[in-house]
Amino acid sequence: MARFAPEALIGMADALGIMGGTFDPIHLGHLVAAEEARLRFRLDRVIFVPNGRPPHKKDYPVTPPERRCEMVVLAVASNPAFEPSRIEIDRPGPSYAVDTVTQIRGRLGPDAKLYFITGADAILEILTWRQPQRLAESCEFIAVTRPGHDLRRLEEALPRDLLARIHVLRVPGLEISSTELRRRAGVGESLRYLTPQAVVRYIAAYGLYTDRGSPAAETDIGPQPVSRA
Ligand code: ATP
Ligand code: MG
C-alpha cells in the first residue's frame, strides 16, 4: 500500500529536506513549498513527516494520525522525489521536531545537508519549539513565504545564531490552509484545486471534517476506497 521512506533510502541522500506538519489535511501550499525547496536547494528528496501528536495544543480535535498519513501518501504519490514518513507517528509521546531531525541526522551521517522546511508562520514560532538551538545544530531551515505572514519580522524575532541557519525562500503565494479546507469540508464546499484530487476523494469517502466522519480508531483503516491519482 503506502510508500513510506525506507531507512536505507534516507541514508543515501546527500541533501535531504524534511517537511513537517499536522497535515490535517495536506494541501497544495505544502506541496509547492516542498517542491520549490527541492529545486532551489537541489535536494535529493523531501520527506513528509506528519506529526503523530502535535505538541502545541490545537483548538480542534486533530484527525487520527493514520488518516492524515494516508492523505500524505496520496498527495505525494506522483512525485518520485517526495516520500511520506511514519517516523513521528510510530514514535510514542509528543512529536518534537528536534527528535525527528536527530533521528534522521543519525541515519544520514554528518556530511549530508539536511534542511527543515517551514512556512513563515512556523519559523516565526521556532523559539517556542523544544530545544531550538539543538535543532539548529543538526539541520538548517528553509523558511518559505506564506501569504499573511511577514518574514521581515524574522530579524527582530530571532537571535543571530538561529538566523544564520535560516534560508528565506520566496515561493508562489498560495493562500490555502488546512483550517480553511476543514471549514469547507464541514459545510460541503468544494476542495477542488486546493489539494490533489485523490485527497479530495479521500476526505469525501471518509466524511472527514463533517459530523459523519467522527474520528476513528487508528486501527479502523480498511482497504483504500480511493485510487491514487
Ligand atoms: P492549520 O491551518 O491546521 O494550521 P496549515 O495549513 O498551517 O494548517 P500545517 O500542517 O500547520 O498546515 O503546516 C505545516 C507546514 O507547512 C508549516 O511549516 C506551515 O507554515 C507550512 N505551510 C502551510 N500552508 C502553507 C502555505 N499555504 N504556504 C506556505 N507554507 C505553508
Ligand atoms: Mg498551521
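Just follow the structure's listing: the first ligand is 1, and inside any ligand the first atom is 1.
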Provide, to 0.1 Å, the distance between atom 11 (O) of ligand 1 and the closest protein heavy atom, together with that atom's residue and name.
Lys58 NZ, 4.4 Å

Any N/O pair Gly21/ligand 1 closer than 3.5 Å:
no

Can you tell me if Gly20 has a non-hydrogen atom under 4.0 Å from ligand 1?
yes

Is there a donor-acceptor contact under 3.5 Å from the side chain of Thr195 to the main chain of Val200?
no

Can you figure out which of Glu125, Arg146, His149 has its heavy atom closest to atom 28 (N) of ligand 1?
Arg146

The closest protein heavy-atom partner of atom 21 (C) of ligand 1 is Gly119 N, 3.7 Å

Establish, from distance only, whether the side-chain atoms of Thr63 and Arg182 form a donor-acceptor pair under 3.5 Å.
no

Side chain, backbone, both or neither: the part of Val144 lying under 4.0 Å from ligand 1 by heavy atom
side chain

Heavy-atom donor-acceptor pair, Asp44 side chain to Ala15 backbone, under 3.5 Å
yes

In this structure, atom 2 (O) of ligand 1 is nearest to the protein heavy atom Thr179 OG1, 2.4 Å

Nearest non-hydrogen atom to atom 9 (P) of ligand 1 belongs to which of His30, His27, Met19?
His30

Tell me whether ligand 1 is touched by Thr145 - counting only heavy atoms on the residue side and a distance under 4.0 Å.
yes

Atom 20 (O) of ligand 1 - nearest protein heavy atom and its distance
Asp121 OD1, 2.5 Å

Could a heavy atom of Glu180 be found less than 4.0 Å from some atom of ligand 1?
no

To the nearest 0.5 Å, tell me how far Leu158 CG sits from Glu125 CD.
11.0 Å

Geometry only, no angles: is Phe23 polar-contacting ligand 1 at N/O separations under 3.5 Å?
yes

